[in-house]
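Below is one structure, written out as structure tokens, with a few remarks after it.
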Amino acid sequence: MASKQMLVAVVAAAALALAFLPGPAVATEHMVGDDKGWTLNFNYTAWAETKQFVVGDTLVFKYNSAVHNLVEVGGPDFLSCTEPANTVVLTSGEDRLTLDKAGRRWFFCAVGQHCQNGMKLKITVLVTAAPTPQPAPAPAPFP
């Protein structure tokens, strides 16, 4: 009888331990702006608030390269919509950026007044995703 209770306790402890192990890290591809893409008249702040960005994820900026572009800048330049002289300007129409480190990242379209008109994105990249809450294991039955 005691060995049966011990076995139940060991199985319950093992199940509990497994519940708290992190799951495999799976990178997410984020299509910026979802089906609207990288364009004017879209609220990128609201869009980003619905996402969680972690190291290893990819941002995909899809846009019409004849009328838009993409630059990554620092925070002060983001706030003022200023494109520094040495900024790399991306113009492929489908730019893929892998998030390779934790921290803040700032992007905008440097064409005309697009940045001033809201075509800008600020995100915070986390080291890992927040753990998903696991349900508490059922208590072991008593004989």
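- C115-C109 SG separation is not under 2.5 Å; the pair is not scored as a disulfide.
- Transitive grouping of hydrophobic side chains (ILVMFWY, heavy atoms separated by less than 4.5 Å) brings W38 and L97 into a common cluster.
- Counting only distance, with no hydrogens or angles, the side chain of T39 and the backbone of K36 share no donor-acceptor pair below 3.5 Å.
- Between the side chain of N69 and the backbone N or O of T91 there is no donor-acceptor pair closer than 3.5 Å.
- For K62, the side chain to side chain contact (heavy atoms under 4.5 Å, CB included) partners at least two apart in sequence or on another chain are M31, V60, E94.
- In terms of heavy-atom proximity, A27 sits nearest to G56 at CB-O, 3.2 Å.
- For F42 and Y44, the distance between ring centers is under 6.0 angstrom.
- Heavy atoms only, all atoms of each residue included: L126 and A102 are closest at C-CB, 4.2 Å.
- A 4.5 Å side-chain heavy-atom check between V125 and R104 finds every atom pair outside the cut-off.
- Between atom CD of residue E72 and atom CG of residue D77 there is a gap of 11.5 Å, rounded to the nearest 0.5 Å.
- By the 6.0 Å and 45° rule, K120 stacks over the aromatic ring of F78.
- Looking at heavy atoms from C-beta onward, R105 lies in side-chain contact with L99 at the 4.5 angstrom threshold.
- With hydrogens and angles disregarded, a donor-acceptor distance shorter than 3.5 Å links the side chain of N43 to the backbone of T45.
- How far CD of E29 is from OG1 of T98: 9.0 Å, rounded to the nearest 0.5 Å.
- In this structure the side chain of F107 never reaches within 4.5 angstrom of the side chain of V32, judged on heavy atoms.
- In plain terms, the two heavy atoms of S65 and S92 that are nearest each other are CB-C, 4.2 Å.
- In this structure, the separation between OG on S80 and CD on Q116 is 8.5 Å, given to the nearest 0.5 Å.
- If you take CG on L90 and CG on D95, they are separated by 4.5 Å, rounding to the nearest 0.5 Å.
- The side-chain heavy atoms of T124 and F53, taken from C-beta on, include no pair separated by under 4.5 Å.
- One hydrophobic cluster, built from ILVMFWY side chains closer than 4.5 Å, cannot hold both L59 and V71; they sit in different ones.
- By the neighbour-count criterion of 12 heavy atoms within 6.0 Å, atom CG of D100 is densely surrounded, having more than that number from other residues, nucleotides or ligands.
- Rounded to the nearest 0.5 angstrom, I123 CD1 and W106 CH2 are separated by 10.0 Å.
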Applying side chain to side chain contact (heavy atoms under 4.5 Å, CB included), run through H68 and L40 and close with a yes or a no. CA-CA 9 Å; H68 299 301; L40 288 166; 4.1 Å; yes
Set out, in order, the CA-CA distance, both residues' side-chain angles and the distance that settles ring-ring contact (aromatic ring centres under 6.0 Å, His included) for F108 and H114, then state yes or no. CA-CA 8 Å; F108 64 74; H114 293 188; over 10 Å; no
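- The backbone N or O of Q113 sits less than 3.5 Å from a side-chain atom of N117, completing a donor-acceptor pair.
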Step-by-step side chain to side chain contact (heavy atoms under 4.5 Å, CB included) determination, H30 to F61: CA-CA 9 Å; H30 300 278; F61 292 83; over 6 Å; no
